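What follows is one structure encoded as structure tokens, with my remarks underneath.
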Amino acid sequence: MIKLQFSFDIEILNNRTMIKKITLFAMLLGSLGLFSQKYDGLALTPPMGWNSWNHFACDVSEDMIREMADAMVKTGMKDAGYEYINIDDCWHGKRDSLGFIHPDPVRFPNGMKALADYVHSKGLKLGIYSDAGWQTCGGHPGSRGFEYQDAQQYAKWGIDYLKYDWCNTDGLKSEGAYLTMRQALKAAGRPIVFSICEWGDTEPWKWAQDVGHLWRTTGDIYNCFDCVYDHGTWNSWGVLQILDLRDNDSLRKVAGPGHWNDPDMMEIGNGMTLSEDRSHFSLWCMLAAPLIAGNDLRQMSKETTEILTNPHAVSVNQDSLGIQAYKHGVIGGVDVWVKPLASNEFAVCFLNRSINEATIEFNWKDNPLDDTFSGKKADFGKDTFEIFNVWENKTLGNTKKSLKATIQGHDVLFVKLKK
Ligand code: GLA
């Protein structure tokens, strides 16, 4: 079946001989056992790291990436679990006469291998970006037709993570194009996390589980809590819009260790209010989303650092079961999201979507938790949990009594229910 999909991806090539050659090559790889699947054992919990795009767009350089690796260690992000330093679009120079890609020699004068060595020496990993089409979204060389060479080059450089975009792909089928790169990465022989970025256009949650380790579910995030930014031919989306764009009940069924829904990189520390940043982070933790920071780590405020590194929030995201939250309901105008955790514990996030303060009274006994997908349940008439406030780092009593709270506009009350 995999061989069929590979052939189908190259249907657009009108050259029969070429197709035969590639199919034979694919079969040879298959018989060597290289064609079986994606790299297993990677991203068993949602990947944590940093990416250049949200803050720097095309303004990337070797110096900046080194400084970001230093900052990830110095700020405590690494200790909190962040691992990947990911270079997004615009690192590219030209292909050489053999077709191998090289980084921009001015921005990356020492080359990618030296940069990867540096990042690895800090105990971190290096990610890179390419595109399934002829060109990246920023107009740089894409991987179309060079998939195996690009994968080999990344492996040679010591790259650990590939974000693979979907601009300039007219005539291509997404599943086939992403399968081709998956096979190329496997054949290159280095374990590389494969991040699919086709914006949810072709419903990757229906086909990407065995192709990549994470897949974008929507178009790009915009640095606002509740807005849509119109670019003319496409939109980018605020935090609430991303939360609502897709059917979460369908998405959560395909998330789990090694394969995650990706609602895009975070905008924390890029200008939203503290309440909004806190809500954004809480939601990404609840959704078992990859935690890829998108701010300038070299000059973060204490508050931003505290949000990104909150150990209780991070532990909800990194829970070993990898169950994505579901929406339990709306109480007093406030969303109630529930994430089953290991050891029969739960995280509950009360989200105030409004800009006005909200007051809630949540009676646990009237709200038994029952997740048919994971089979996790809590009957508060029988079981009592301690309620731990994630952002205030304190216990709020237990589930025998109703939880009463006032939640600021665009803020959350984020609790863990502990046994
Ligand atoms: C697309 C992606 C973004 C970013 C840019 C780079 O828009 O969705 O995350 O990678 O391309 O050009």
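Just so you know, ligand 1 is whichever comes first in the structure, and atom 1 is the first atom listed for that ligand. Just so it is clear, the structure is predicted and the values come from calculations on it, not from any experiment.
Note on residues 253-279: no pairs pass ring pair (Phe, Tyr, Trp, His ring centres under 6.0 Å), not counting sequence neighbours.
With I292, D165, I221 as candidates, the residue nearest to atom 11 (O) of ligand 1 on a non-hydrogen basis is D165.
The local environment of NZ in K206 is sparse, with at most 12 non-hydrogen atoms from other residues, nucleotides or ligands closer than 6.0 Å.
The atoms of ligand 1 that sit less than 4.0 Å from any heavy atom of R216 are 8 (O), 9 (O). Every atom of ligand 1 with a heavy atom of C137 under 4.0 Å away is listed here by number and element: 1 (C), 11 (O), 12 (O). For ligand 1, the atoms lying closer than 4.0 Å to a non-hydrogen atom of M265 are 9 (O).
At the top of the distance list for atom 12 (O) of ligand 1, counting protein heavy atoms only, stands D89 OD2, 2.8 Å. The protein heavy-atom contact nearest to atom 8 (O) of ligand 1 is D220 OD1, 2.5 Å. For atom 5 (C) of ligand 1, the closest non-hydrogen atom of the protein is W53 CE2, 3.6 Å. The nearest heavy-atom contact from the protein to atom 10 (O) of ligand 1 is D88 OD1, 2.6 Å. Protein heavy atom at the shortest distance from atom 9 (O) of ligand 1 is K163 NZ, 2.7 Å.
Between R298 and E67, at least one side-chain N (NZ, or NE/NH1/NH2) sits under 4.0 Å from a carboxylate O, which counts as a salt bridge. Using a cut-off of 4.0 Å between Lys/Arg side-chain N and Asp/Glu carboxylate O, D59 and R107 are scored as salt-bridged.
Distances from ligand 1 to the non-hydrogen atoms of W166 include no value under 4.0 Å. Using 4.0 Å as the threshold, T136 has no heavy atom nearer than that to any atom of ligand 1.
In C90, neither the side chain nor the backbone holds a heavy atom less than 4.0 Å from any atom of ligand 1.
Judged purely by distance below 3.5 Å, without hydrogens or angles, the side chains of D411 and N352 never pair a donor atom with an acceptor atom. In the model, Y164 has no side-chain atom that pairs as donor or acceptor with a side-chain atom of D131 under 3.5 Å.
A heavy-atom distance below 4.5 Å is found between the side chains of Q152 and F100.
Rounding to the nearest 0.5 Å gives a distance of 10.0 Å between NZ of K122 and CZ of R66.
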